[in-house]
Number of protein chains: 2
Amino acid sequence: MTNHLPRTVRVRSDARDNRARILDAARAVFGEEGLSAPMREVARHAGVGPATLYRHFPTKQALIAETFAEQRRACHAAVRDALADSNPWHGFRSLIERICELHAHSRGFADAFMTAFPEAMDFAADRQRTLHVVGELARRAQETGQLRPDFVVDDLILMLMAHRGLQDTPRAARITASRRFAAYVIEAFGAAPGTKASTPLPPTPRLQLTHSPSTP
Amino acid sequence: MTNHLPRTVRVRSDARDNRARILDAARAVFGEEGLSAPMREVARHAGVGPATLYRHFPTKQALIAETFAEQRRACHAAVRDALADSNPWHGFRSLIERICELHAHSRGFADAFMTAFPEAMDFAADRQRTLHVVGELARRAQETGQLRPDFVVDDLILMLMAHRGLQDTPRAARITASRRFAAYVIEAFGAAPGTKASTPLPPTPRLQLTHSPSTP
DNA sequence: ACCCAAACGGACGGGGGCGTCCGTTACGGT
DNA sequence: ACCGTAACGGACGCCCCCGTCCGTTTGGGT
């Protein structure tokens, strides 16, 4: 008998095809309509039946996790670049702009990034690590006197949560709005130059992230 | 025969009672959970059946409109006071703070205020009038050089939309977050003092408001 | 005390979304 | 060309929400 090790089990071509088309569809649909888009919409967009979709990704969250792997890498890269920037304040600003842009280009990713799922999806871990690094970056930017001294990392969460409010709008307006919002945020985070000590900020909230989908 | 004009038709006491309790329940439930809260939750909270609720308010939007009449008046008052303030920039800041506070204290009102319902609820008209007045206020505050010259009224919409992003959080954190957010927004809207001309802002988006509930 | 109409509320139909079952299709190895 | 099995997809059950129907209760005028 020929020793045909079925290495990692043969994957049928149509199955692999469909998997790719489902992921593409998910990126498009979730990207434009957010995570509230029905699974069947993704299925229709991919040209497959609902059962096929559920066979490849047993649950909606599984699909979401796979769908936004690329954006997660982009997010990591943004943080890494920001930390490597020789000018911390410039790095900090670029980071805000890039994160906002990522979130504006994909409603679904923004939802996933900001939403603490009941089952801890690894987006949460990502965000924690990310925020830790941001803390380091912020410390440096404060030392150069360009980031306001009363800034705390939670303020970035605050602004990212606020950024979510811009997402219920068509793609073009959303991206423009996001850019202007980011610019205002950077303006707000910048240390007040010279004499005019800006009025002290109200206390920081203890933000625990949202559970918007499925809160029984 | 005695001429008993049934002036404005007799209203039975239990009916008037229930109507009041329904409105109270609606304020509580919609205020805390937003407009996505089920009607039956309002009914349960009011201790009545669903049919009773629907008899008093034929549709969800009718209930919502009645529920937030008071907040709408408060909003008008805030705008009026701001316009009457002898210091336009102070009036402008107070206005932002008061609107944010109103929105933070009632998720439902924030939703209703920011959401352009399919059927034009008069919230939309309110908002238009309000924004027109805000434009006047902004013009004055820019003349005193305290509001940045590149501010446009749409930027206020931008920030109010962003403020919505803070609402998926428990009441206490929401209010604190809202205050800090408002402070940052005011900081961002303030004109850069002295030499440091702040970097020019990206273009303003053409924001058409959201239709989040029921987009067929 | 009586009565009837106004008001109530449990139960119903309709719609939509999630995840699953099972009969059918078609890949790909021989 | 053939066939076994992996993969497919229409149809199903379940749950939640909105708004309505109809038999029952109760306010309040006589």
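Each chain gets a letter, A, B and so on, in the order the sequences are listed, and its residues count up from 1.
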Report yes if at least one side-chain N or O of [X] is closer than 4.0 Å to OP1 or OP2 of [N]; otherwise report no.
| X | N | value |
| --- | --- | --- |
| B:Thr59 | D:dG19 | yes |
| A:Tyr54 | C:dG19 | yes |
| A:Thr52 | D:dA7 | no |

**Closest-nucleotide 5' rank along DNA chain D - winner of A:Ala51 and B:Asp14** =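 Nearest-nucleotide comparison on DNA chain D picks A:Ala51.
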
Residue [X], side-chain atoms from C-beta onward, closest of [options]:
| X | options | answer |
| --- | --- | --- |
| A:Asn18 | C:dG17, D:dG9, D:dC8 | D:dC8 |
| A:His56 | C:dT20, C:dC27, D:dC8 | D:dC8 |
| B:Arg12 | D:dA7, D:dG19, D:dG27 | D:dG27 |

**Asked** Donor-acceptor pair under 3.5 Å: do we get one between A:Arg55's side chain and the base of C:dG19?
**Response**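 Donor-acceptor pair under 3.5 Å: no.
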
In whole angstrom, give the distance that lies between atom [atom1] of [X] and atom [atom2] of [N].
| X | N | atom1 | atom2 | result |
| --- | --- | --- | --- | --- |
| A:Arg16 | D:dC8 | CZ | C1' | 17 Å |
| A:Arg21 | D:dA7 | CZ | P | 16 Å |
| B:Arg40 | D:dT20 | CZ | C1' | 10 Å |
| B:Arg19 | C:dA6 | CZ | C1' | 16 Å |
| A:Asp17 | C:dG28 | CG | C1' | 15 Å |
| A:Met39 | C:dG16 | CE | C1' | 15 Å |
| B:Lys60 | D:dC17 | NZ | P | 9 Å |

**Prompt:** Going by an N to O cut-off under 4.0 Å, is there a salt bridge joining B:Arg180 and B:Glu187?
**Reply:**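 The answer is no: the pair does not qualify as a salt bridge.
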
**Prompt:** Does a side-chain N-to-carboxylate-O contact under 4.0 Å join B:Arg139 and B:Glu136?
**Reply:**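 A salt bridge links B:Arg139 with B:Glu136.
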
**Message:** Is it the case that over 12 heavy atoms from other parts of the model lie below 6.0 angstrom from the CZ atom of A:Arg179?
**Reply:**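 Atom CZ in A:Arg179 is not packed in, count stays at 12 or less.
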
**Item:** Aromatic plane relationship, A:Phe92 with A:Phe151 - under 30° parallel, 30 to 60° tilted, over 60° perpendicular
**Value:**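 Aromatic pair A:Phe151/A:Phe92 classed perpendicular.
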
**Prompt:** With a 4.5 Å heavy-atom cut-off, do B:Glu97 and B:Ile186 have their side chains touching?
**Reply:**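 In short, these two side chains touch, coming nearer than 4.5 Å.
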
**Item:** Nearest-nucleotide comparison on DNA chain C, the residue closer to the 5′ end among A:Pro58 and A:Arg44
**Value:**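 Result: A:Arg44.
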
**Prompt:** When we call it a touch if two heavy atoms are under 4.0 Å apart, what does A:Ala15 touch: a base, just sugar-phosphate, or nothing?
**Reply:**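 Contact class for A:Ala15: sugar-phosphate only.
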
